[in-house]
Each structure stands twice: as structure tokens, then as C-alpha cells.
Amino acid sequence: MEERMLEKTPDYFNVTDIFGENVFNDSVMQERLPKKVYKKLREVIEEGKELDLETADVVAHEMKEWAIEKGATHYTHWFQPLTGVTAEKHDSFITAPMPNGKVLMSFSGKELIKGEPDASSFPSGGLRATFEARGYTAWDCTSPAFVRQDAAGATLCIPTAFCSYTGEALDQKTPLLRSMAAINEQSLRLLRLFGNTTSKKVTPSVGPEQEYFLVDKEKYLKRKDLIYAGRTLFGAPPAKGQEMDDHYFGAIRERIASYMKDVNKELWKLGVSAKTQHNEVAPAQHELAPIYAEANIAVDHNQLVMETLKKVAGRHGLYCLLNEKPFAGVNGSGKHNNWSLTTDDGINLLDPGDTPHENIQFLLVLSCILKAVDEHAELLRESAADVGNDHRLGANEAPPAIISIFLGAQLEDVLKQLISTGEATHSIEGEMLKTGVATLPDFMKDATDRNRTSPFAFTGNKFEFRMVGSKASIAQPNVVLNTIVAEAFAEVCDTLEKADDFDMAVHDLIKKNVTEHQRIVFNGNGYSDGWVEEAERRGLPNIRSMVDAIPYLATDKSVALFERFGVFTRAELESRVEVEYETYAKTINIEAKAMMNIAGKQIIPAVIKYATSLATSVNAVTAACGADVSVQTELLTETSTLLAEAQTALKKLHEVTEKAAAIEEGRVQAVAYRDEVKVAMDELRAPIDKLEMIVDKDVWPMPSYGDLIFEV
């Protein structure tokens with residue numbers, strides 16, 4: 001019976017049969033590489049040893065043969081410059097033609113290890129001048145190569161780092177790998193002090209939950225703001241929004257389910273462990289979450305997730321929006337970055353166990369994280385800074401712009417005991433959950449609730465950093481998390497390694513950290529106005545915009561932190577500051593120009609057409625019978641008034657945008673775009689959104705919010 005059912009389902013597939021089939025993973029390497037070469041490559045991956053060219057040649061040959069069997073004709077060094085998206089240059093495997101007119105297919109170790117893209121054409125913040133073109137991509141063997149199959153055919157993609165001719169990092173991957181080395185070294189120092197001699201490596205594990213919107217592609221193509229800016233710049237609210245709470249976890253419609261199935265299939269082939277999918281809070285909003293992976297691989301996989309979400313959408317007549325705030329008045333999209341520390345032999349340093357008050361190693365680790373987040377709150381906030389995120393953070397739908405830590409009732413109680421008495425003697429235990437329905441099972445509930453308003457929440461055995469924007473790379477927040485925690489670990493290790501009484505020194509450090517940094521702990525409602533006032537009393541920073549966050553990336557304090565652990569140089573940090581100011585200014589400039597284009601060429605002409613038809617109606621009815629034309633007259637008056645407001649606002653937007661574009665200094669220009677251009681954009685939007693509620697829908701030149709989010 002089961003076999004007959006499967007025969008009627010032509011698109012049936014077994015996940016275990018396809019998972020990782022397009023990845024040059026450990027199983028493939030072990031099968032195809034000579035034992036000596038495989039062993040050497042594993043040493044490079046696990047111990048950070050240098051890869052010799054002879055070994056690389058063998059690996060490259062087998063990788064090429066495997067890829068060709070998958071249909072690959074080209075290879076590319078796949079890297080992550082400071083553009084926020086990935087980059088690639090494709091080269092075919094063919095060599096020069098032979099005398100008989102045929103060609104050979106080859107791929108050398110040198111080609112595998114190193115590439116040379118033009119470094120002057122990517123953001124560098126002054127590290128590279130236009131005439132200084134040379135840059136290098138270097139194979140990151142800790143993240144497996146993969147074959148991507150799409151309309152262009154099949155391409156072997158080799159994850160790489162990207163640096164300048166003079167060695168500075170021009171990408172997201174290089175500092176991430178450096179920060180992982182730092183947290184590994186300091187975590188092992190800590191573990192050795194507690195008697196752990198078996199763990200050889202500590203790796204940050206990350207699970208990024210990806211939120212996104214889907215809209216009909218035909219409607220998308222009629223919205224120039226979505227095309228140019230990735231978000232709507234105009235739009236009146238629909239009659240229904242998300243107030244009924246009926247979309248969250250609701251039944252997934254067939255069109256969307258079909259799309260999700262294809263997304264999962266593509267990701268599984270690439271070894272991405274896509275696990276959870278569901279409707280999110282807002283109409284047309286959804287989420288995809290993977291199983292945890294090492295931070296470096298998780299970053300690469302998240303880039304693949306975003307690329308796949310967009311690519312597959314087109315096949316279903318859809319368009320995927322990853323902007324943090326594509327629709328005003330509707331929940332935006334974030335990317336929850338779940339972070340923990342795990343040893344190579346399976347120990348999670350953030351697992352409190354059944355009795356956290358007795359788990360001294362965990363309490364020390366926890367106290368270090370409190371210290372790290374409190375001392376570097378501005379830097380952590382900056383790591384989530386993004387133009388789109390300015391519309392989302394603190395908008396009573398996402399975490400506030402104030403960094404705080406949620407620990408839950410159980411851990412907060414343990415910390416209170418430590419602060420008040422210096423000892424923790426008990427932990428709050430979970431109780432039996434009784435539903436009152438005899439047929440439903442009773443079960444133990446967790447010892448603490450969750451808090452969705454917290455930007456940095458402890459959720460059982462990990463921390464969930466909820467500030468990250470939906471289209472952002474998760475590399476930067478993880479670089480910051482790894483480095484600030486590495487610093488906190490290093491400081492306690494410096495003390496403990498000199499201590500005469502280890503147990504007492506640990507006790508004193510835990511109490512000191514939790515006492516001095518208890519202000520960062522907040523378990524209440526992060527959306528409330530009261531919390532803003534309370535945070536100010538506590539001295540916690542409230543950084544509301546990306547422009548205000550950027551400077552914290554290159555303060556003397558930040559430079560000292562990153563240089564101590566070899567994650568960034570001062571020059572690299574200062575270059576990133578310039579890139580982020582430039583990105584902010586360019587993004588707002590594009591949005592402003594798009595608004596002017598749409599308002600001047602589409603909306604205002606449509607409104608004039610509608611006003612003309614009203615005026616014609618008034619004249620015609622009056623001339624024909626002298627009947628009451630008060631309705632038409634009132635509409636005409638209101639339309640004309642709003643039209644005049646829109647035209648005035650349009651002229652102002654032209655003026656302030658030209659003025660801001662002429663500014664040369666990065667921060668000054670970014671501030672001008674925030675304080676003048678964005679304000680002028682809001683002033684233009686206000687009358688136009690009112691006009692949308694008046695003008696005949698057949699005349700209005702673009703799909704409405706209702707069309708976009710409810711007709712998918």
C-alpha cells in the first residue's frame with residue numbers, strides 16, 4: 001500500500017538521500033582522497049596547520065573530478081565582501097586548446113588556494129585606492145566547498161576569505177575566523193583551570209533564525225520602491241493588518257508551502273540543515289530556522305539561505321523581501337542569532353545543568369558574559385546597526401535599542417543569592433504543568449519563562465541575540481560576541497592562574513562580576529516606556545540610530561580590544577567605520593531619489609488626473625442640473641490641498657538631497673541624510689499616503705499594502 005502511494009507522488013524524495021549531496025564534505029573527502037592527503041587536510045582543518053601545495057594539488061584534482069560529475073563546468077571563489085552580499089567570479093575548468101582542437105579540464109592547488117579579484121571595486125573604507133586593484137581570496141578549508149546548480153548550470157563554489165594586497169581584511173569571514181581562534185584559546189585556558197584536559201577545541205555554535213516576506217512578483221514589479229529600495233517608501237495601511245494574530249503559526253497556504261518545499265530541498269542538497277518553517281506574525285511574513293553549526297559554517301549557510309530564498313521565489317512567481325521593514329505599520333523582520341560555546345567532545349559551556357547554583361564553571365562563564373555585554377554594550381549594539389534596522393529596533397515589535405540581558409527567574413534568583421550573601425544555596429525548579437484536562441498529559445515545565453522583548457536572552461543553554469536585522473550578515477555580531485567574551489575569559493584566567501586558593505578566587509570573581517554588572521540584567525517588558533527611563537537611571541546606553549552606533553566600532557577601547565586578540569587592526573576598524581557611513585548615506589540617497597521619481601512621475605500625475613476628473617464632474621453636474629456637488633467639491637478641495645503639500649515636500653526633498661550629496665566628510669554626510677533627508681522623506685510620504693485613501697484605486701499607479709500582503 002505504501003509503495004503504491006509513493007508511486008503516485010512523483011516529487012517524493014527521502015531527505016537522507018539528498019542531504020549534502022552537493023557538498024564536498026568529510027565523507028566525500030574520506031572516500032576520494034588518498035589516506036595520507038585526507039589525514040593532512042584534516043590536520044589543517046582541525047589544528048590550523050599550513051596546507052602545502054602538493055597536498056592542495058591532490059585535493060583540487062579530486063574536487064574538480066567530483067564537481068564535474070555533478071555537471072560543473074566552472075569554479076568560483078565565493079566570498080563575502082563588505083557589501084552585505086556574497087561575490088563570485090566564474091572560471092571554467094578548461095585549459096588552452098590542444099593541437100587536435102580539444103581541451104583538457106584542469107584545476108590546480110594554486111587555483112584552489114588563491115584567487116585575485118579586483119579589490120578596488122569593493123568597499124574598503126580607504127584601505128584600497130581605485131588604482132590599487134590587487135586583492136586576494138584565500139580558500140577557507142574549514143567551510144566545505146559545494147556545487148550550486150541553477151539556470152546557469154552547475155558551479156563549484158569554494159568558500160574563501162578576501163583580503164587586500166597589504167593583508168587587511170576586506171570581508172566578513174577573515175575577522176570571524178580570527179575571533180573564533182581567540183575564543184577557542186581563552187575558553188581552553190578556562191577549561192584547563194577547571195581540570196578539563198580532554199577537550200581540544202572550543203567553538204562558538206550559531207543558529208540564525210531567518211525571517212522574510214513573500215509578495216507576488218507581478219505586484220512587486222509594479223512597485224519601484226520595492227525594486228530600488230527593497231522596502232515600500234509610500235503606502236497607506238490596509239483595513240486589516242496583524243491585529244487578529246491569525247497569521248502567526250497559522251496554516252501555511254499551498255503556494256507558500258510549495259515554495260518552502262523547494263527551498264528546503266535546495267538547502268538540504270547544500271548541507272544546510274533547514275529544520276523549522278512557519279508563518280510569522282505579520283501577513284506574508286515567514287521564518288526558516290536551521291540546526292546549530294559552527295559559527296563560520298553558520299555564517300556561510302545563512303548567506304546560502306538568503307540567496308536560496310530569493311532565487312526559489314522567482315520560480316513560484318514570488319519575490320522574497322529581506323529588508324528589515326518593508327511595510328510601515330507592519331512587523332519587520334529580524335534574524336535571531338542563537339550563540340553558545342561547545343567543545344569538540346560535546347560539552348556546552350552554557351548548559352547550567354539541573355542545579356545551576358552548584359555548577360561553578362557555568363556560573364563563572366555566565367558572569368563573564370554579563371561583564372562582556374555590559375562593558376561592550378555599545379559595540380554589540382553597533383554590530384546589529386543597519387539602515388533598515390533603524391525602522392525596526394525599539395518599535396514595539398522588536399527588541400529595544402537598549403542592550404540588556406534576560407536570564408529568567410531561575411538564574412536571576414541564583415545571582416541575587418550571590419550578590420546578597422556571597423553564596424548560592426538553591427535553584428528554582430520547574431514545576432508540573434497541569435492543564436486541567438484529564439486526557440492531556442502532565443509534564444514538567446521549564447524553571448523560567450521566555451522574554452521576546454529582550455535583545456539578549458538566555459534560553460536554556462544559549463544566548464539569543466535578537467537585534468540582528470533580517471538581511472544582515474551574522475558575521476559581525478558573532479565577531480563581537482566571540483571577542484568580548486574572549487576578553488572576559490582572559491581576564492579571569494589571568495587572575496585564576498596566579499591564585500593560591502583556586503576555589504576562593506573563582507567564588508570571588510563570580511560575585512565581583514555579577515555585582516558590578518547586575519545593571520545589565522532585566523527580565524521585564526523591554527517595550528515599555530518605563531524601561532527606557534529605568535535603563536537611563538542604570539546608565540545603560542540607548543543608541544537609537546545606525547549613525548550614532550557607528551563611532552563605537554573604532555573607539556580607543558574597541559581598538560584595544562580587537563588588537564589584543566588579533567581580530568582587527570585600527571586601520572581595519574577605521575575603514576569599516578567609513579564603509580558604514582558611506583553605506584548609510586548611499587542607502588538613504590537611493591531611497592530619496594526613488595521617492596522623488598515615484599512621486600514626480602507616477603503619483604502626482606495620477607492625482608492630477610483624478611483631480612481633473614473631479615473638477616470635470618463638478619462642472620458637468622452643475623451645468624446639467626445645478627444639483628448638489630458638495631461631495632465632489634469637498635473631495636476636490638482635499639485632494640488639491642494634499643497635492644500642493646506633496647509638491648512642496650517634493651521640492652524640499654530635492655533640495656536637501658542635493659545638499660547632502662555634496663557633502664564629502666563621511667560622518668557629516670550620514671548625519672545630514674538622517675536629520676534632513678529622512679525628515680524630508682517623511683514629509684513627502686505623509687500627504688501621499690493620505691491621497692492613496694482618497695484617489696480612485698483604478699487611478700492609483702501601484703499596488704496597495706493590502707494587495708501586496710494579502711494577495712500572495
Side-chain angles (χ1 to χ4, degrees), residues 20-25 28-29 32 41 51 53 56-96 103-123 133-165 169-174 176-177 266-267 269-272 296-297 299-312 314 473 475:
E21 69 175 28
N22 287 342
V23 184
F24 196 72
N25 54 30
V28 176
M29 291 191 294
R32 302 186 72 112
L41 184 58
L51 181 67
L53 192 57
D57 278 332
V58 177
V59 175
H61 175 76
E62 290 302 324
M63 189 183 290
K64 180 258 298 182
E65 292 297 306
W66 169 81
I68 288 174
E69 291 170 14
K70 299 287 182 183
T73 57
H74 290 69
Y75 71 92
T76 181
H77 278 196
W78 185 75
F79 59 103
Q80 300 169 36
L82 301 179
T83 56
V85 294
T86 58
E88 53 197 64
K89 179 184 73 170
H90 296 195
D91 288 296
S92 71
F93 290 119
I94 66 170
T95 59
V103 294
L104 292 175
M105 304 283 272
S106 69
F107 184 49
S108 69
K110 183 179 179 181
E111 290 170 316
L112 169 62
I113 291 173
K114 186 185 77 171
E116 295 188 23
D118 185 342
S120 67
S121 299
F122 293 101
R134 194 179 297 280
Y136 295 112
T137 49
W139 178 36
D140 171 21
C141 59
T142 64
S143 183
F146 56 92
V147 168
R148 186 181 57 208
Q149 297 168 329
D150 52 29
T155 305
L156 172 63
C157 299
I158 303 158
T160 56
F162 178 44
C163 62
S164 73
Y165 180 72
L170 297 175
D171 67 338
Q172 305 281 12
K173 181 181 283 286
T174 303
L176 177 66
L177 293 172
E266 293 234 354
L267 292 175
K269 286 182 178 181
L270 294 171
V272 180
N296 180 36
I297 295 175
V299 169
D300 287 357
H301 280 184
N302 186 247
Q303 291 290 343
L304 285 174
V305 166
M306 291 190 287
E307 290 175 10
T308 303
L309 287 171
K310 295 183 79 71
K311 179 177 67 175
V312 174
S473 167

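Note: hydrogens, waters and symmetry copies are ignored here, and every other heavy atom, side chains too, is used.
Side chains of Tyr136 and Glu116 form a contact here, defined as non-hydrogen atoms less than 4.5 Å apart. Side-chain contact check for Ser164 versus Leu170: some heavy-atom pair is nearer than 4.5 Å. Put simply, the side chain of Val299 reaches to within 4.5 Å of the side chain of Gln80, judged on heavy atoms. The shortest distance between side-chain heavy atoms of Glu266 and Asp150 does not fall below 4.5 Å.
Here the straight-line distance linking atom CD1 of Ile297 with atom CG of Leu304 works out to 11.5 Å at 0.5 Å rounding. Rounding to the nearest 0.5 Å places CG of Leu104 at 10.5 Å from CD1 of Ile94. Here OG1 of Thr160 is found 8.0 Å from CG of Asp171. Values are rounded to the nearest 0.5 Å. Gln172 contributes atom CD, which lies 11.0 Å from atom CG of Asp300 (distance to the nearest 0.5 angstrom). Between the CZ atom of Arg148 and the CD atom of Glu88 there is a distance of 4.0 Å, given to the nearest 0.5 Å. With rounding to the nearest 0.5 angstrom, the CG atom of Leu177 is 5.5 Å from the OG1 atom of Thr142.
For Leu176 against Ala475, the heavy-atom pair with the smallest separation is CD1-O, 4.1 Å. Considering every non-hydrogen atom in both Pro144 and Pro159, the closest pair reads O-CG, 3.6 Å. The heavy-atom pair separating Gln149 from Ala154 by the smallest distance is CG-CB, 4.0 Å. Among all heavy-atom pairs drawn from Asn25 and Gly20, the shortest one is ND2-O, 3.7 Å.
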Would you give me the side-chain donor-acceptor pairs under 3.5 Å for residues 57-68, sequence neighbours excluded?
unit_1: Asp57; atom_1: OD1; unit_2: Gly109; atom_2: N; d: 2.6
unit_1: Lys64; atom_1: NZ; unit_2: Met105; atom_2: O; d: 3.0

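Listed by chain and residue number, Thr86 satisfy the side chain to side chain donor-acceptor pair (under 3.5 Å) test with Glu307 (two or more places apart in sequence, or in another chain). In this structure Pro81 satisfies the side-chain contact (heavy atoms from CB on, under 4.5 Å) test together with Phe79, Thr83, Ala87, Phe122, Phe162, sequence neighbours excluded.
Remark: the backbone N or O of His77 is not paired with any side-chain donor or acceptor of His90 at under 3.5 angstrom. Within the 3.5 Å criterion, the main-chain N or O of Ala161 finds no donor-acceptor partner in the side chain of Thr174. Between the side chain of Lys70 and the backbone N or O of Val23 there is no donor-acceptor pair closer than 3.5 Å.
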